[in-house]
*Asks:* 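So that we are looking at the same thing, I have put the structure below in C-alpha cells.
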Protein chains: 2
Amino acid sequence: MVFSISKPEPSSRWKRRKEDRPEEILNAALELFTEKGFAATRMDDVAKSAGISKGTLYNYFESKESIFHAVVQEMISPEIEKVETMVANYKGPTDHLLRQLIRAWWTNVGETRLSAIPKIVISESGNFPELAEFFVETVVKRARRLFTDVVSRGVVSGEFNLVETQAVARLIIAPLVYATIWQHSLKPFDDDYLSDEYVDLHIKFILKSLIKDQRFDV
Amino acid sequence: MVFSISKPEPSSRWKRRKEDRPEEILNAALELFTEKGFAATRMDDVAKSAGISKGTLYNYFESKESIFHAVVQEMISPEIEKVETMVANYKGPTDHLLRQLIRAWWTNVGETRLSAIPKIVISESGNFPELAEFFVETVVKRARRLFTDVVSRGVVSGEFNLVETQAVARLIIAPLVYATIWQHSLKPFDDDYLSDEYVDLHIKFILKSLIKDQRFDV
DNA sequence: TTAATTACTGACTGACCAGTCATTAAATAA
DNA sequence: TTATTTAATGACTGGTCAGTCAGTAATTAA
C-alpha cells in the first residue's frame with residue numbers, strides 16, 4: 001500500500017463572485033503595471049494574481065487597454081475631484097492654498113501607489129497612443145487647470161507678482177511628477193535618496209518667487 | 001518580343017563597408033528607440049533603417065542592449081565632458097555660471113535628439129535594469145554632481161544663501177528633464193505648448209531663491 | 001586567374017503572449 | 001430532484017520577434 005499525502009480536496013474548484021471580480025482585477029493589474037509596465041504585463045499574470053483564469057478576465061474587461069482605462073478612471077478621477085472641491089471652497093490666503101494643494105498632491109498621489117501611473121502612461125505613450133490621449137484629457141489637463149487657477153487667483157488678488165500663470169503652473173508640477181517618475185524608474189539604481197526636504201524646499205522656492213516682496217507694502 | 005522596363009541592374013547587390021556600419025547602426029537605432037521605445041523597436045527595422053540585414057547587425061553588436069549602451073556611451077558622455085570642462089574653467093560670478101549651465105544643457109541636450117534618451121531609459125528600467133543601472137552610473141550621477149558643485153561654489157563664496165545643495169540640484173534638474181520626458185511622450189496629445197519662457201522663468205525662480213537678498217549688503 | 005577570406009544575407013527556430021471558444025460546473029429556477 | 005442559466009476554465013490559434021547559422025558574393029591575397 002502506498003501512503004500518499006493527499007491535499008485536502010477543495011470543497012469546490014471555484015466560486016462565482018461576480019461582484020468582487022472587477023475590483024480585484026484592477027488592483028492586481030495596477031500592481032503588475034507598476035512593476036513591469038503595461039506592455040510587459042501578461043494577462044495570464046493579471047488573472048493569476050486576481051485569483052482567476054485568463055478567460056474570466058475577458059468576461060469582465062474586453063481588452064488589456066480597457067483595464068488600464070478603468071484603473072485611471074476609478075482610481076485617479078476621484079482624487080482630482082476631491083482636490084477640485086477643496087480649491088473651490090477655500091477662503092484663506094492664496095499662498096496657504098497653494099502650499100496645501102502641493103502637500104495634498106504629495107500625500108494623496110505622490111506617496112501612494114497612484115504615483116506609478118504617470119510613469120506607466122509616459123512609458124507606453126508611443127505604443128499605446130489612445131492610452132496617453134485618454135490620460136491627458138482625463139488627468140493632465142484638469143490638474144494643470146487647477147494649479148493655473150490657483151496662481152491666477154493670487155495674481156488677481158494682488159498677493160502674487162504678475163507672472164505667466166501657465167508657465168508657473170508647469171514649474172510647480174514638474175518637480176512633483178518628476179519625483180514620482182524617478183521613484184518608479186531610476187530610484188532602485190540610485191543610492192541617493194529623496195529627502196522630505198525636496199518638497200518643502202520646492203514649496204519654499206516657488207512661494208519666494210510668487211509672493212510679493214513685502215518691503216514697500218504697508 | 002516583350003518590352004519590359006528593366007530596373008537598372010545594380011552593379012552589385014551590396015557593398016562591404018566595415019568602417020561606416022557601427023555609426024550608421026547607432027543613428028538608425030537612436031531614431032527608432034526614440035520613436036518606439038527600446039522593447040518595441042524591432043532589430044529587423046534597425047537593420048533595414050541602417051541599410052543592412054539583421055544578420056549584419058549581429059556582426060557589429062552582440063545584442064539589442066549592447067546597441068543601446070553604445071548609443072549612450074558615444075553620444076551622451078562627450079556632452080557631459082564638454083560641460084564639465086566649462087564648469088571647471090569658469091572664473092566669473094556663480095549665478096552667471098549656473099545660468100549658463102542650464103542654458104547649455106537645454107541647447108546641447110534638451111533641444112537635440114539626445115533629449116529622447118531619459119524617457120527611453122525610464123520607460124524600460126523595469127524590464128531592462130542593466131540599462132538603467134548603466135545610465136545612472138554614466139549620466140545621472142555625473143550630471144547631479146555638476147549642479148551640486150556649482151551650487152556649493154555659490155554657497156561657499158557667499159554669493160548664495162545657505163541651502164541643501166543636493167535638494168537644490170534636484171530642483172534645478174527636475175523641470176529640465178521633465179520637459180524632455182514630456183516632449184517625447186505626452187506632448188503629441190497635449191495642445192498646450194512649451195514656450196521658451198519655461199526655461200527662462202525656471203532660471204529666474206531658482207536664482208531668486210539662491211542669490212542673497214541685496215538689501216543689507218553693501 | 002584562382003584561392004582564401006570575410007562582410008553580408010535572410011530563412012529559420014524557439015519562445016512569448018493577447019485574445020478566443022468549446023467545455024465544465026456552480027448557482028438558481030422550475 | 002431536474003432543468004436552465006451563466007461564471008469560470010484552460011487549451012489553442014495566430015501573430016510577433018530576438019537571435020542563429022548555412023550559404024552567398026564582394027574583396028583581397030596568392
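Atom set for the values below is all heavy atoms of this structure, side chains included, hydrogens, waters and symmetry mates excluded. All values reported here derive from a predicted model rather than from experimental measurement. Order of the sequence lines sets the chain letters (A, B, ...), proteins ahead of strands, with each chain counted from 1.
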*Asks:* Mind checking A:F61 for me? I need base, sugar-phosphate or nothing, with any heavy atom below 4.0 Å counting as a touch.
*Replies:* nothing
*Asks:* CZ of A:R17 versus C1' of D:dT9: gap in Å, rounded?
*Replies:* 16 Å
*Asks:* Strictly below 4.0 Å, N to O, side chains only: are A:E24 and A:R17 in salt-bridge contact?
*Replies:*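 Counted as a salt bridge, because a side-chain N and a carboxylate O are separated by less than 4.0 Å.
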*Asks:* Taking atom P of D:dT16 as reference, at what distance in whole Å does atom CE of B:M43 sit?
*Replies:*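 Value for this atom pair: 19 Å.
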*Asks:* Measuring from B:T180:OG1 to B:K187:NZ, what's the distance to the nearest 0.5 Å?
*Replies:*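 Those atoms lie 12.0 Å apart.
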*Asks:* Hey, which sits more toward the 5' end of DNA chain D by its nearest nucleotide, A:G51 or B:A39?
*Replies:* A:G51
*Asks:* With pairs taken as Watson-Crick or G-U wobble and both distances under 3.5 angstrom, which stems of at least three consecutive pairs involve DNA chain C?
*Replies:*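 Stem list for DNA chain C: C:1-30 with D:1-30.
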*Asks:* According to a strict under-4.0 Å criterion, is A:R21 in side-chain N/O contact with OP1 or OP2 of D:dA8?
*Replies:* yes
*Asks:* State, yes or no, whether a side-chain contact exists between A:H202 and A:I206 at a heavy-atom distance under 4.5 Å.
*Replies:*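 They are in contact (side-chain heavy atoms under 4.5 Å apart), so the answer is yes.
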*Asks:* To the nearest angstrom, how far is B:N59 atom CG from D:dA26 atom P?
*Replies:*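 Answer to the nearest Å: 17 Å.
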*Asks:* With nearest nucleotide decided by heavy atoms, which residue, A:W14 or A:E65, maps closer to the 5′ end of DNA chain C?
*Replies:*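 The residue mapped nearer the 5' terminus is A:E65.
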*Asks:* OP1 or OP2 of D:dT9 sitting under 4.0 Å from any side-chain N/O of A:T56?
*Replies:*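 For D:dT9, OP1 or OP2 has a side-chain N or O of A:T56 closer than 4.0 Å.
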*Asks:* Let me know the distance between NZ of A:K18 and P of D:dA8, rounded to the nearest Å.
*Replies:*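 Rounded to the whole Å, the gap is 9 Å.
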*Asks:* In this structure, how many angstroms lie between the P atom of D:dC12 and the CG atom of A:D44, rounded?
*Replies:* 14 Å
*Asks:* I'd like to know if A:K54 reaches the base of C:dA18 with its side chain such that a donor and an acceptor end up less than 3.5 angstrom apart.
*Replies:*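 A donor-acceptor contact between them is present.
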*Asks:* Would you say B:R16 reaches C:dC8's phosphate, i.e. side-chain N/O to OP1/OP2 under 4.0 Å?
*Replies:* no
*Asks:* Below 3.5 Å, does any donor atom in the side chain of A:K64 face an acceptor in the base of C:dG19, or the other way round?
*Replies:* no
*Asks:* Do B:K48 and B:D45 meet the salt-bridge criterion of a basic N to acidic O distance under 4.0 Å?
*Replies:*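 A salt bridge is absent here (no side-chain N lies under 4.0 Å from a carboxylate O).
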*Asks:* In plain terms, say whether B:R103 and B:D200 are close enough for a salt bridge, that is, a side-chain N and a carboxylate O under 4.0 Å apart.
*Replies:*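 Looking at B:R103 and B:D200, the cut-off is met.
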*Asks:* Could you tell me which residues satisfy side-chain hydrogen bond (donor to acceptor under 3.5 Å, both in side chains) with A:R144, sequence neighbours excluded, listed by chain and number?
*Replies:* B:D190, B:D192
*Asks:* Mapping A:G55 and B:G55 to their closest nucleotides on DNA chain D, which lands nearer the 5' end?
*Replies:* A:G55
*Asks:* Would you say B:Y60 places a side-chain N or O within less than 4.0 Å of OP1 or OP2 belonging to C:dC8?
*Replies:* yes
*Asks:* Does any non-hydrogen side-chain atom of A:L146 lie less than 4.5 Å from one of A:R142?
*Replies:* no
*Asks:* Take the protein atom CG of B:D20 and the nucleotide atom P of C:dC8, then report the distance between them rounded to whole Å.
*Replies:* 10 Å
*Asks:* Could you state the CD-P distance from A:E124 to C:dA18, rounded to the nearest angstrom?
*Replies:* 12 Å
*Asks:* Rounded off to whole Å, could you give me the OH-to-C1' distance for the A:Y58 and D:dA7 pair?
*Replies:* 17 Å
*Asks:* Under a 3.5 Å distance rule, please check whether A:S125 uses its side chain to pair with a backbone N or O of A:I122 as donor and acceptor.
*Replies:*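 The answer is yes, because a donor-acceptor pair under 3.5 Å joins these two groups.
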*Asks:* Would you mind classifying the nucleic acid contact of B:I52 as base, sugar-phosphate or nothing, using non-hydrogen atoms under 4.0 angstrom?
*Replies:*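 Sugar-phosphate contact only.
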